[in-house]
Amino acid sequence: MRRGMVLLTAVATIALVAGLATPEAWAKRLSDSFIRIEINDTDGDAGIHIFLDGEGWDSMQAIAPDGSVLFNVLAEGSVGIQGITEFFFESAEPSFDEQPLEDLLELFPEGVYRFKGTTTEGRRLKGKARLTHALPDAPVQVFPLEDDEVDPDNAVFEWQPVADPPGSEIVGYEIIIVCEDLEFGEIIAQVGPDTTTYTASPEFMSQGGEECKWEILSIEASGNQTISESEFSIE
């Protein structure tokens, strides 16, 4: 066989293999994606959070571990032209009286959830995230509790450490402090798993505010989180 024919055969073989490759093999990947369970222990409810981040897209599908479709998102008009990059989905959170936690876990089983979409340039986009049922206990708030007064110059928020859930570990806590009618909005802070106190800045706390609330979230390794919250006032 002449050299030219060998080269032609090789090119044809490569083209055939490329044609047989699945579309997903050439897809771009999301830069970030997660699915998690959030429990509010104080309110007695729970829901699902899904977050996606990646190149601008105009369509996206979420697929459960059993292959069923959770949702389809189609961006049209100006949004479809511009594209979506960050997308956050939060489910409804009915009380445990309406939907026990066991029912939520049955609706969203453990496993890998897949995301498939199309970029605004027509290229396939994919990603995945694993959901676990490793659920952290609620942090026990120590101070302030309901109707306590907080010294703005010594605003130390305290909670008890949360034990690692079976098969996982607590990776940190998130503190959220919100007071009504404050110029500087709210405080959101993250601390490590060995920390059990947080001191808010006097500049924030001295703004006043008769009605305030603080939340403390325990966060386990896969991202599942549980909230405790209390109201307080400032001296």
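FYI, side chains are in, hydrogens and waters are out, and symmetry mates aren't considered; it's all heavy atoms of this structure. Nothing fancy with the numbering, it's 1 onward along the sequence.
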query: Sub-3.5 Å donor-acceptor pair from the side chain of Glu146 to the main-chain atoms of Glu231, do we have one?
result: yes
Gly223 and Arg36 have their tightest heavy-atom pair at O-CD, 3.3 Å
Tested for side-chain contact (heavy atoms from CB on, under 4.5 Å) against Asp45, the lone hit among Leu101, Ile39, Asn40 is Asn40
With a 3.5 Å distance limit and no angle check, can you tell me whether Ser206 reaches the backbone of Pro202 through a side-chain donor-acceptor pair? yes
Please check this pair: side chain of His133 against backbone of Phe108, looking for a donor-acceptor N/O pair closer than 3.5 Å. yes
Heavy atoms of Val112 and Arg130 approach each other most closely as CG2-NH2, 3.2 Å
Review point. Will you find, in the side chains of Asn154 and Asp151, an N or O donor that is under 3.5 Å from an N or O acceptor?
Key: no
Interatomic distance, CD@Glu102 vs CD@Gln99, rounded to 0.5 Å, equals 10.0 Å
One should read off an interatomic distance between Glu186 CD and Ile175 CD1, to the nearest 0.5 angstrom, of 13.0 Å
Query - Single-linkage hydrophobic cluster, 4.5 Å side-chain cutoff, Phe51 and Leu217 together - result: no
Apply side chain to side chain contact (heavy atoms under 4.5 Å, CB included) to residues Ile37 and Ile48 and explain how you reach the verdict. CA-CA 5 Å; Ile37 299 169; Ile48 291 288; 3.7 Å; yes
Heavy atoms of Asp164 and Ser168 approach each other most closely as CB-O, 3.5 Å
message = In the structure I gave you, are the side-chain heavy atoms of Cys179 and Ile234 within less than 4.5 Å of one another anywhere?
response = yes
With Val162 as partner, the option from Pro193, Ser228, Ser218 fulfilling side-chain contact (heavy atoms from CB on, under 4.5 Å) is Ser218
Item to check | Test item: Phe115 and Ile50 side chains (from C-beta on) under 4.5 Å apart, heavy atoms | outcome: yes
Separation between OG1 (Thr196) and CD (Glu158), nearest 0.5 Å, reads 6.0 Å
Check: Glu220 side chain, Asn224 main-chain N or O, donor-acceptor pair, under 3.5 Å: yes
Is the number of heavy atoms from other residues, nucleotides or ligands within 6.0 Å of CD (Glu235) greater than 12? yes
**Asked** Same cluster or not: are Ile170 and Leu131 linked, directly or through other Ile, Leu, Val, Met, Phe, Trp or Tyr residues, by side-chain heavy atoms under 4.5 angstrom apart?
**Response** no
In terms of heavy-atom contacts, Tyr173 and Pro161 come closest through OH-CA, 3.5 Å
Would you say Trp57's side chain and Ile84's backbone share a donor-acceptor pair under 3.5 angstrom? yes
- Query: Honestly curious: do Phe232 and Phe143 fall in one hydrophobic cluster under the side-chain, below-4.5 Å linking rule?
  - Reply: yes
request  = Quick one: do Phe204 and Ile177 satisfy side chain to side chain contact (heavy atoms under 4.5 Å, CB included)? Show the steps, please.
outcome  = CA-CA 10 Å; Phe204 177 86; Ile177 305 171; 4.0 Å; yes
Crowded around Glu106 CD? As in, over 12 foreign heavy atoms under 6.0 Å?
no
Discussion item. The test is side chain to side chain contact (heavy atoms under 4.5 Å, CB included); show your working for Ile219 and Gln190 and say whether it passes.
Written reply: CA-CA 10 Å; Ile219 305 171; Gln190 289 82 34; 5.7 Å; no
Using the six-membered ring wherever Trp is involved, compare the ring planes of Phe87 and Phe71 and label them parallel, tilted or perpendicular (cut-offs 30° and 60°).
tilted
Show the numbers, then the answer: is there a side chain to side chain contact (heavy atoms under 4.5 Å, CB included) between Trp214 and Ile187?
CA-CA 9 Å; Trp214 78 288; Ile187 289 177; over 6 Å; no
Practice prompt. Measure up the Phe88 and His49 rings against each other and bin them: parallel (under 30°), tilted (30 to 60°), perpendicular (over 60°).
Written response: perpendicular
dist Lys28:NZ -> Arg123:CZ (nearest 0.5 Å) comes out at 5.5 Å
- Just by modelled atom types, is the Ile176 backbone N or O under 3.5 Å from a matching donor or acceptor in the Glu215 side chain? no
Practice problem: Answer yes or no: is there a donor N or O on one side and an acceptor on the other, between the side chain of Asp41 and the main chain of Ile227, under 3.5 Å? | Solution: no
Tightest non-hydrogen contact, residues Leu104 and Ala46, listed as CD2-CB, 3.8 Å
- request: Mark yes or no for whether Ser33, through its side chain, and Lys128, through its backbone, hold a donor-acceptor pair below 3.5 Å.
  value: yes
When rounded to the nearest 0.5 Å, the distance separating SG of Cys212 from CD of Glu149 is 11.0 Å
Do side-chain atoms of Ser31 reach the backbone of Asp53 as a donor and acceptor pair under 3.5 angstrom? yes
Rounding to 0.5 Å, atoms CG (Asp147) and OG (Ser233) come to a distance of 7.5 Å
*Linking I/L/V/M/F/W/Y whenever any side-chain heavy atoms sit under 4.5 Å apart, do Ile63 and Leu125 land together?*
no
> Honestly curious: do Val73 and Phe89 fall in one hydrophobic cluster under the side-chain, below-4.5 Å linking rule?
Replying inline: yes
Closest non-hydrogen contact found for Gln141 with Ser230 is OE1-OG, 2.7 Å
